[in-house]
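Input: a single structure, listed below in structure tokens.
Atoms considered below: every heavy atom in the structure, side chains included; atoms not considered: hydrogens, waters and symmetry mates. Start at 1 and go down the list; that is how both ligands and their atoms are numbered.
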Amino acid sequence: MEALSYSRMSRTYFDRAEPIAALATPEGRSALAVIRTSGEKAIDIVASCFSQPQRLLDAHGYQAVYGWILDPVSREPLDEVVALVFRAPHSFTGEDAVEIMCHGSPAVARRVLDLLYAQGFSPALQGEFSFRAFAEGKTDLVRAEAINELTYASCEAARHDALQRLSGALSRKLEEIRSLMIDVLADINARLDYPENEGPEETGRWIQLMRRAQDELADLIKSYPGGRLRQEGLLVVIAGRPNAGKSSLFNLLVREERAIVSPEPGTTRDWLESWISIGDFAVRLVDTAGLRNSGNSIEAEGVRRSHSLLSRADVILYLVDGTVGLDDEDRNFVARYSRALFLWNKADLPLCMPAPPVWTAVSAKDVRSFGNFEAMLMDALRSSVQEAQVAGNYETQVRVASERQERLLTQAREALSQAMEAHTAEAGLDLVALHIRESAECIGEITGDITPDEVLERVFGTFCLGK
Ligand SMILES: Nc1nc2c(ncn2[C@@H]2O[C@H](COP(=O)(O)OP(=O)(O)O)[C@@H](O)[C@H]2O)c(=O)[nH]1
Ligand SMILES: [Mg+2]
């Protein structure tokens with residue numbers, strides 16, 4: 001057992017000879033669960049534990065076969081299922097594959113999966129099906145990432161953009177940019193072979209092509225903040241000292257009793273989050289632990305995470321208990337995060353002091369004070385979104401949402417600027433070509449044409465299991 005589990009643990013994406021299987025639906029109760037398998041032997045292995053093996057073996061691609069999953073030794077039936085057969089190369093992975101729809105309880109899915117593993121499937125790594133699709137040339141890396149983005153899409157904007165990328169809009173744009181560069185490189189190579197042919201009109205053409213590539217890159221880079229917001233939603237973080245009313249406000253916004261509201265300071269040690277819509281915006285709302293370090297190690301970890309969330313927040317809601325007033329910790333916060341919305345809470349209590357300038361009096365207990373506050377939050381969200389929309393033409397544009405892609409695009413643009421500079425400085429065509437090639441390689445790394453293995457492992461490692 002030890003040795004077996006070790007060898008499974010140490011499998012990598014590059015062991016593509018092994019047939020793989022995984023649960024593609026969440027582990028929980030549902031009408032159906034889908035178990036996905038793929039690999040050269042996938043159909044044979046599933047047939048070996050199927051009540052009608054021959055029908056499965058004879059099935060053509062895209063055919064559904066009804067039957068039972070049986071333990072081949074004891075003949076014990078495990079579940080009544082429908083098996084969907086795919087024949088290479090016409091499957092998601094490009095390999096032979098069977099998707100088994102069984103009943104949706106964890107008990108059923110576990111039992112069927114265990115049997116499949118015992119019969120020769122290896123448990124799939126995260127994103128391994130997508131990796132195989134990529135390795136088989138069924139998809140480029142940008143489209144594979146879009147599959148993952150679709151499985152994570154939490155709002156309409158995210159779904160729309162991810163689907164656009166899945167359908168190849170971004171890949172085509174990148175291909176266009178790269179072909180501009182290849183054009184210039186071809187010209188330069190010809191010039192290097194026949195230096196006497198260089199004339200001013202050719203140089204003019206390169207500059208034009210390179211400028212176009214630079215503009216296209218700049219547009220994609222500019223689309224990133226908006227693309228990220230649309231993909232991930234806006235991050236709204238509630239912060240403040242213990243007892244300020246953070247969890248009460250969180251509950252009010254989420255409109256359910258989700259966070260534990262307690263009169264004892266320091267109750268929320270980790271953070272809680274929930275997706276809500278505010279106006280047109282998908283908002284990931286986070287209730288943080290307090291920011292005070294009490295020496296308690298669980299709480300200290302909470303404080304560390306709170307600061308990390310705050311540094312990424314699109315909007316920060318900072319609360320103070322208006323019956324207690326400001327202390328040094330609050331003043332430090334105001335100095336450090338001056339963009340936050342400052343909320344003077346517990347305005348419903350007679351003991352509440354008047355709100356100082358820049359603070360807005362609210363009550364996390366009183367829905368009537370909420371109307372104003374919601375409008376204020378909407379404004380903050382809108383300006384945060386507007387900041388991200390500087391690229392213009394927001395509705396039709398192809399957007400980038402992945403940090404990896406944005407980083408490589410920026411590198412590609414820098415390399416192209418260096419090529420332009422080298423050209424202006426008459427540093428020699430070799431050097432110009434070197435920088436252009438570097439830029440084209442960055443684009444190739446985005447689409448997965450020349451992406452190092454460890455980068456691929458990192459990218460696919462963030463995917464869902466069974467995807
Ligand atoms: N009267 C009143 N009590 C509040 C208000 N906001 C929070 N509280 C109370 O203050 C205490 C601490 O609230 P909680 O939301 O747990 O604070 P947290 O530690 O910042 O999460 C609880 O007893 C709440 O009921 C408010 O606006 N008005
Ligand atoms: Mg709390």
Side-chain angles (χ1 to χ4, degrees), residues 235-276 278 283-378 380:
L235 178 61
V236 175
V237 178
I238 306 176
R241 282 193 280 142
N243 225 32
K246 298 181 294 298
S247 300
S248 304
L249 180 66
F250 178 86
N251 288 339
L252 192 70
L253 291 173
V254 174
R255 295 190 174 86
E256 62 184 43
E257 291 292 309
R258 176 84 192 280
I260 311 154
V261 177
S262 125
E264 181 197 332
T267 310
T268 315
R269 285 192 165 152
D270 211 326
W271 80 90
L272 276 175
E273 61 178 65
S274 187
W275 285 95
I276 59 171
I278 296 184
V283 166
R284 182 183 158 210
L285 183 70
V286 180
D287 175 17
T288 59
L291 296 166
R292 180 181 308 166
N293 217 331
S294 67
N296 174 324
S297 67
I298 301 174
E299 217 164 276
E301 176 59 14
V303 171
R304 197 192 59 72
R305 289 185 194 175
S306 298
H307 277 294
S308 139
L309 279 162
L310 285 166
S311 67
R312 285 180 285 131
D314 296 297
V315 175
I316 297 170
L317 304 176
Y318 190 77
L319 266 75
V320 154
D321 182 338
T323 65
V324 175
L326 298 172
D327 77 354
D328 283 347
E329 193 181 325
D330 300 319
R331 290 188 196 94
N332 287 340
F333 192 96
V334 175
R336 183 162 169 190
Y337 299 101
S338 56
R339 287 185 318 118
L341 294 183
F342 297 106
L343 305 176
W344 195 256
N345 192 31
K346 311 198 186 180
D348 56 303
L349 294 177
L351 280 175
C352 186
M353 297 175 264
V358 311
W359 292 81
T360 305
V362 295
S363 169
K365 285 275 149 173
D366 180 7
V367 188
R368 282 168 301 174
S369 81
F370 185 67
N372 258 344
F373 166 69
E374 193 168 37
M376 197 168 91
L377 183 53
M378 278 288 288

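When each of Val237, Leu235, Thr288 is checked for a side chain to side chain contact (heavy atoms under 4.5 Å, CB included) with Leu310, only Val237 meets the rule.
Those atoms of ligand 1 with a heavy atom of Ser363 less than 4.0 angstrom away are 26 (C), 27 (O), 28 (N). Close contacts between ligand 1 and Asp348 involve ligand atoms 1 (N), 2 (C), 26 (C), 27 (O), 28 (N) [criterion: under 4.0 Å to a heavy atom]. Those atoms of ligand 1 that come under 4.0 Å of a heavy atom in Gly245, given as number and element, are 6 (N), 7 (C), 13 (O), 14 (P), 15 (O), 17 (O), 18 (P), 20 (O). The ligand atoms of ligand 1 that sit less than 4.0 angstrom from a heavy atom of Ala364 are 6 (N), 26 (C), 27 (O). Close approach of ligand 1 to Ser247 is summarised as follows: ligand atoms under 4.0 Å from at least one heavy atom of the residue are 15 (O), 18 (P), 21 (O). Less than 4.0 angstrom separates some heavy atom of Leu349 from each of these atoms of ligand 1: 1 (N).
Asn345 places a side-chain N or O within 3.5 Å of a backbone atom of Ala244 that can act as its donor or acceptor partner. Of the possible polar contacts, one joining the Asp330 side chain to the Asp327 backbone as a donor-acceptor pair under 3.5 Å is found. Looking only at distances, no side-chain donor or acceptor of Trp359 sits under 3.5 Å from a matching main-chain atom of Pro354. In terms of modelled atom types and a separation under 3.5 Å, the side chain of Lys246 and the main chain of Ile238 share no donor-acceptor contact.
Under a 4.0 Å heavy-atom criterion, Ala244 is in contact with ligand 1.
For Ser247, the nearest N, O or S atom to the Mg ion (ligand 2) falls under 2.8 Å.
Between Ala239, Ala347, Ser248, it is Ser248 that holds the heavy atom closest to atom 13 (O) of ligand 1. Between the choices Lys246, Arg241, Lys365, the shortest heavy-atom distance to atom 18 (P) of ligand 1 belongs to Lys246.
Under the 30°/60° scheme for interplanar angles, the aromatic rings of Tyr337 and His307 are found to lie parallel.
When non-hydrogen atoms are compared, ligand 1 lies under 4.0 Å from the backbone of Asn243 as well as from its side chain.
Under a 4.0 Å N-O distance rule, the pair Asp321/Arg241 does not qualify as a salt bridge.
Contact between Asp348 and Ser363 at its shortest, heavy atoms only, is OD1-OG, 2.9 Å.
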